[in-house]
Amino acid sequence: MTSKFRKIFLSLFISLSLIPATFLSANALTFTMATSGSETDMRSVAIVDVFQPAVSGFADMQIGYNATMFDQGTELDAISRGNLTMSIASAQELAQFFPEFSIFATGYVHQDAAHQVRVFNDPLMDPFKKKAEDELGVKLLSVMYLGKRHVNLRQTKDELTVNTPADLAGVNLRMPGTDAWQFLGNALGASATPLAFNEVYQALATGAVDGQDNPLPTVVDKKFYEVTKQIALTSHLVDLNYIAFSKATWDSLSPDQQMTVQRAADAAAAYGRLKQLDKENNLADFIRSQGVEIYTPDLEAFRTHVQKQYEGSEVAATWPEGVLDKINSLGN
Ligand code: KDO
């Protein structure tokens with residue numbers, strides 16, 4: 001190499017290394033994804049570890065955690081308006097547009113993670129998926145497991161033992177801010193209070209709310225054990241999320257790319273589900289070691305009471321005929 005050539009080569013090398021990696025991206029496509037979950041939430045991890053590498057041949061990803069890209073509950077609207085590619089969406093959020101989705105957000109309906117998958121893959125879901133696609137421009141690719149939600153309070157068990165729904169009377173329980181969530185919180189016997197997920201820790205720390213409900217992995221991920229004293233294992237909702245994807249972006253992809261995106265979503269959901277189940281089954285000792293009492297209340301009393309609140313309610317009136325029976329028949 002002549003010295004002139006070496007100099008040109010060297011300066012080219014130096015200038016290239018100064019260009020931020022984002023500008024060197026090879027892909028014309030960027031999938032943006034918004035979630036109110038943290039970077040360490042298992043659903044986020046599954047997207048980064050499994051979905052992202054699977055689509056990296058044709059799409060880059062830009063992910064906003066902790067509701068930094070869009071506020072919790074506004075993501076579906078953002079996808080619909082063409083401002084966002086993907087989100088980790090709840091049935092409760094979909095119920096804001098299509099009230100019948102509340103059936104998947106109802107207490108004591110889904111029995112476990114496998115039941116969620118059977119329901120999502122059953123033809124009973126087809127009209128729900130079609131409506132979200134046709135009327136909102138949102139494709140539901142796969143179902144993710146968030147876990148069994150329990151009641152997590154600031155009061156010690158000595159101060160308040162939660163055995164039946166009556167024990168939650170007057171308890172100011174933070175629930176996410178949509179109608180389906182509020183209905184569930186009240187159906188548990190508590191006074192549901194809407195609050196965004198990223199404000200929950202502070203509200204518990206200051207006593208603005210008495211408690212919150214989430215699965216054990218979320219209690220650990222968000223360090224709620226630092227500001228609460230008890231968890232009553234009500235298991236009132238085996239909670240799910242959908243990997244929601246822009247229908248407009250989907251339609252712009254080639255059939256091969258569509259297949260890759262679908263497989264990536266299914267693989268990420270399966271990976272996240274196993275990891276989350278593992279966490280859920282192994283976190284109780286750690287939470288107890290942080291001074292939080294964990295115990296099981298009268299589950300039959302909770303189930304009966306919650307189901308009674310839905311029976312004949314305005315919420316249940318939106319459920320298509322026969323779907324609840326079909327969901328139940330897919331259970332254990
Ligand atoms: C929450 O706000 O409590 C909740 O658990 C509701 C879920 O549907 C989901 O949106 C989740 O928050 C966020 O992804 C944060 O983990």
Side-chain angles (χ1 to χ4, degrees), residues 33-48 63-79 84 86-97 101-102 104-107 109-110 113 116 120 138 140 142-153 172-185 188 190 192-204 209-225 227-228 231 234-244 268-269 272-273 275-276 279-280 283:
M33 193 190 91
T35 171
S36 46
S38 71
E39 210 165 336
T40 48
D41 180 297
M42 198 38 76
R43 294 160 302 165
S44 308
V45 172
I47 293 292
V48 171
I63 306 177
Y65 303 101
N66 300 310
T68 47
M69 203 180 258
F70 285 97
D71 285 347
Q72 183 178 28
T74 64
E75 302 93 334
L76 289 171
D77 195 44
I79 296 177
L84 181 68
M86 296 173 66
S87 77
I88 294 177
S90 65
Q92 291 84 347
E93 285 158 7
L94 279 147
Q96 292 291 97
F97 300 91
F101 267 90
S102 60
F104 309 114
T106 293
V109 166
H110 283 117
Q116 289 178 346
F120 185 78
V138 170
L140 304 180
S142 214
V143 65
M144 288 190 133
Y145 180 69
L146 182 57
K148 286 186 227 131
R149 294 180 83 98
H150 308 296
V151 171
N152 174 208
L153 302 178
N172 188 359
L173 185 69
R174 175 272 168 180
M175 300 292 289
T178 71
D179 299 343
W181 283 115
Q182 296 298 300
F183 190 97
L184 177 60
L188 283 167
T193 304
L195 197 64
F197 184 65
N198 54 7
E199 291 171 32
V200 176
Y201 183 97
Q202 192 59 15
L204 288 168
V209 294
D210 294 319
Q212 66 93 29
D213 85 306
N214 256 297
L216 298 187
T218 308
V219 170
V220 172
D221 192 53
K222 298 306 286 186
K223 296 190 163 59
F224 293 150
Y225 56 80
V227 284
T228 57
I231 296 176
T234 44
S235 301
H236 52 271
L237 183 69
V238 182
D239 203 8
L240 58 76
N241 292 104
Y242 305 112
I243 301 180
R273 182 177 308 115
K275 294 271 187 190
Q276 188 78 338
K279 277 192 170 208
E280 193 170 41
L283 286 175

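All ligand and atom numbering here is 1-based and tracks the order in the structure. Everything numeric in this text was worked out from a predicted model, so none of it was measured.
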statement: Going by the 4.0 angstrom heavy-atom rule, the piece of Asn241 near ligand 1 is side chain

message: For Lys279, is the NZ atom crowded, meaning more than 12 foreign heavy atoms sit under 6.0 Å from it?
response: yes

query: Which residue supplies the protein heavy atom nearest to atom 14 (O) of ligand 1, what is that atom called, and how far is it?
result: Arg43 NH2, 2.9 Å

field: Proximity to ligand 1 by part of Met144, non-hydrogen separation under 4.0 Å
entry: neither

field: Which residue and heavy atom of the protein sit nearest atom 7 (C) of ligand 1, plus the separation
entry: Leu146 CD2, 3.8 Å

query: Between Asp221 and ligand 1, which part of the residue brings a heavy atom under 4.0 Å of the ligand: side chain, backbone, both or neither?
result: neither

message: Please check whether Asn214 reaches ligand 1 - meaning an N/O of the residue sits under 3.5 Å from an N/O of the ligand, judged on distance alone.
response: yes

query: Considering only heavy atoms, does Thr218 approach ligand 1 within less than 4.0 Å through its side chain, its backbone, both, or neither?
result: neither

query: Could you give the distance from CE (Met33) to OH (Tyr65), rounded to the nearest 0.5 Å?
result: 6.5 Å

message: Quick check for you: to the nearest 0.5 Å, what is the distance between Met144 atom CE and Asn241 atom CG?
response: 8.0 Å

message: So is Gln72 touching ligand 1 or not, going by heavy atoms under 4.0 Å?
response: yes

- prompt: Side chain or backbone of Arg149 under 4.0 Å from ligand 1, or both, or neither, by non-hydrogen atoms?
  reply: side chain

- prompt: Which bit of Trp181 is near ligand 1, meaning a heavy atom under 4.0 Å away: side chain, backbone, both or neither?
  reply: side chain

- request: Check the angle between the aromatic planes of Phe224 and Phe197 and answer parallel, tilted or perpendicular using the 30° and 60° thresholds.
  value: perpendicular

message: Tell me the contacting part of Gln212 for ligand 1: side chain, backbone, both, or neither, using a 4.0 Å heavy-atom threshold, strictly below.
response: neither

message: Measuring from atom CD of Gln212 to atom OG1 of Thr193, what distance do you get when rounded to the nearest 0.5 angstrom?
response: 12.5 Å

task: List the closest protein heavy-atom neighbour of atom 13 (C) of ligand 1: residue, atom name, distance to the nearest 0.1 Å.
output: Ser36 OG, 3.2 Å

- prompt: Side chain, backbone, both or neither: which part of Val200 comes within less than 4.0 Å of ligand 1 when only heavy atoms are counted?
  reply: neither

message: Test your reading of the structure: does Arg174 have an N or O sitting under 3.5 Å from an N or O of ligand 1?
response: yes

- prompt: When rounded to the nearest 0.5 angstrom, what distance separates CG in Leu140 from CZ in Phe120?
  reply: 5.5 Å

